[in-house]
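Below you'll find the structure, written out as structure tokens, and then a few comments.
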Amino acid sequence: MKVNNAEFIISAVGPDQYPVDALPEIALAGRSNVGKSSLINRMINRKNLARTSSTPGKTQHMNYYRVNESMYFVDFPGYGYAKVSKTQRASWGKMVEKYLAERDTLKLVLLIVDLRHPPTGNDKMMFDWLKHYDLPLCVVATKADKIPKTRWPKHIKIMKQELGVLPGDNFISFSSEIGLGRDELWELIERYNQASQEEPALEPEIEDAGNEAQPEDPSEA
């Protein structure tokens, strides 16, 4: 994907601050300092639009970045950073959970993990939560450039096994430094965004359906 325009929009602290233009949203979840900001910068070919920090836990809001006036990256607060108070972590958790459960414009969640190390307990918890609620998901294993290429298969195998990634699940190895996985990830994002635009229209109602049984209303299930 060619990125012609990208801009930071807002650091939101709740639904009343989320954009209302109904553009597709791609969310990034992961532990603090795992490379979410670096991934965004590589994806849009900008060095410092998403600010990186050597201080984990700096991102404390839902940071919205609009790309090509057609979609958003939504950077979640990083989880698992001990120096953040329990109260603050609980607040972030509720905000993220509410967003994931209720945001209609969410098209894909990128679970960002560090390929160099086995997944943390929080990584596993987030993966299980997303799978349980059947949310569209891709695991993105960053920092591949930090380990020898010959060891990638071993690290990928460990990551998939410990998270519980199944055949057919989306998994992409990524490096913000060398651009590994960028094109593959854009292809996946565009596929999910396009699929959401091609959802079939509702069939017209049939008059005089008689006493034929009608399908259940999903909202009443």
Side-chain angles (χ1 to χ4, degrees), residues 1-13 17-19 23-84 88-89 91-93 95-96 99-100 103 106-117 119-120 122-123 126-127 130 137-147 159 170-186 188-189 192-193:
M1 177 175 176
K2 184 177 181 181
V3 177
N4 298 312
N5 177 268
E7 57 185 328
F8 170 74
I9 299 300
I10 192 172
S11 287
V13 294
Q17 293 184 319
Y18 299 161
L23 293 177
E25 296 178 8
I26 308 299
L28 291 87
R31 66 173 178 79
S32 296
N33 217 29
V34 76
K36 293 187 281 93
S37 296
S38 295
L39 183 146
I40 291 172
N41 287 331
R42 167 57 74 170
M43 292 296 287
I44 61 177
N45 286 327
R46 294 272 293 276
K47 288 187 176 180
N48 296 306
L49 181 63
R51 294 183 180 179
T52 59
S53 173
S54 58
T55 304
K58 185 174 182 181
T59 300
Q60 301 183 15
H61 309 101
M62 307 280 255
N63 288 334
Y64 271 81
Y65 302 90
R66 189 166 57 208
V67 182
N68 285 353
E69 303 292 336
S70 63
M71 58 159 282
Y72 290 100
F73 282 121
V74 186
D75 187 10
F76 287 176
Y79 53 69
Y81 186 53
K83 289 187 179 180
V84 176
Q88 184 68 68
R89 290 203 302 271
S91 175
W92 293 352
M95 178 172 63
V96 168
Y99 171 93
L100 291 171
R103 190 65 173 166
L106 174 65
K107 304 306 175 188
L108 180 65
V109 181
L110 307 180
L111 176 56
I112 315 300
V113 295
D114 188 335
L115 186 60
R116 298 173 298 176
H117 310 295
T120 66
N122 285 317
D123 292 331
M126 177 61 79
F127 181 84
L130 294 169
L137 167 66
C138 178
V139 177
V140 182
T142 62
K143 307 194 180 185
D145 60 287
K146 305 298 184 184
I147 55 178
M159 184 66 70
N170 297 311
F171 185 100
I172 295 175
S173 299
F174 195 92
S175 168
S176 299
E177 291 295 323
I178 63 177
L180 174 74
R182 179 183 183 273
D183 292 344
E184 185 181 357
L185 185 51
W186 266 127
L188 183 70
I189 289 170
Y192 274 88
N193 285 347

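Taking CG of L39 as the reference point, atom CG of L28 lies at 6.0 Å (rounded to 0.5 Å). Of the inter-residue distances, the one linking E69 atom CD with N4 atom CG reads 10.5 Å to the nearest 0.5 angstrom. In this structure, L111 CG and R31 CZ are separated by 11.5 Å, a value rounded to the nearest 0.5 Å. Atoms CD1 and CG, on I40 and L49 in that order, are 8.0 Å from each other to the nearest 0.5 Å. A distance of 11.0 Å separates CZ in F76 from CD1 in I112, rounded to the nearest 0.5 Å. The structure places CG of L23 at 10.5 Å from NZ of K107, a figure rounded to the nearest 0.5 Å.
Checking N41 against S38 by side-chain atom types alone, no donor-acceptor pair falls below 3.5 Å. Y64 and E25 are linked by a side-chain donor-acceptor pair at a separation below 3.5 angstrom, with hydrogens and angles left out of the test.
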Next on the checklist: Pair T142, S176 - check side chain to side chain contact (heavy atoms under 4.5 Å, CB included), show working.
Outcome noted: CA-CA 7 Å; T142 62; S176 299; 5.6 Å; no
Next on the checklist: Does I189 form a side chain to side chain contact (heavy atoms under 4.5 Å, CB included) with M1? I'd like the steps, not just the answer.
Outcome noted: CA-CA 10 Å; I189 289 170; M1 177 175 176; over 6 Å; no
Next on the checklist: Could you go through L100 and L130, starting from their C-alpha distance and side-chain angles, then the distance that decides it, and tell me whether this counts as side chain to side chain contact (heavy atoms under 4.5 Å, CB included)?
Outcome noted: CA-CA 9 Å; L100 291 171; L130 294 169; 4.0 Å; yes
Next on the checklist: With side chain to side chain contact (heavy atoms under 4.5 Å, CB included) as the criterion, how do L188 and Y192 come out once you've worked through the C-alpha distance, each side chain's angles and the decisive distance to 0.1 Å?
Outcome noted: CA-CA 6 Å; L188 183 70; Y192 274 88; 3.5 Å; yes
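The aromatic rings of W186 and F73 sit tilted, their planes meeting at an angle between 30° and 60°.
Ionic pairing of K146 and D114 is not present here: no N-O contact between side-chain nitrogen and carboxylate oxygen is shorter than 4.0 angstrom.
Among all heavy-atom pairs drawn from Q17 and S11, the shortest one is OE1-O, 3.9 Å. P77 and M95 make their closest contact through CG-CE, 4.0 Å (heavy atoms, listed as atom of the first residue, atom of the second, distance). The minimum heavy-atom distance between F171 and A141, with the atom names listed, is CZ-CB, 3.9 Å. Listed here is the closest heavy atom pair of P119 and M159: CD-SD, 3.6 Å. Of all heavy-atom pairs between L108 and C138, the closest is CD1-N, 4.1 Å. The heavy-atom pair separating S70 from P24 by the smallest distance is O-CD, 3.2 Å.
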Please list, one pair per line, the donor and acceptor atoms closer than 3.5 Å that link side chains of residues 178-185 to other protein atoms, with sequence neighbours excluded.
| from | atom 1 | to | atom 2 | distance (Å) |
| --- | --- | --- | --- | --- |
| R182 | NE | R42 | O | 3.0 |
| R182 | NE | M43 | O | 3.3 |
| R182 | NH2 | M43 | O | 2.8 |

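No side-chain donor-acceptor contact under 3.5 Å links N5 to the backbone of N68.
The side-chain heavy atoms of V74 and Y99, taken from C-beta on, include a pair separated by under 4.5 Å. At least one side-chain heavy atom of I44 sits less than 4.5 Å from a side-chain heavy atom of V67.
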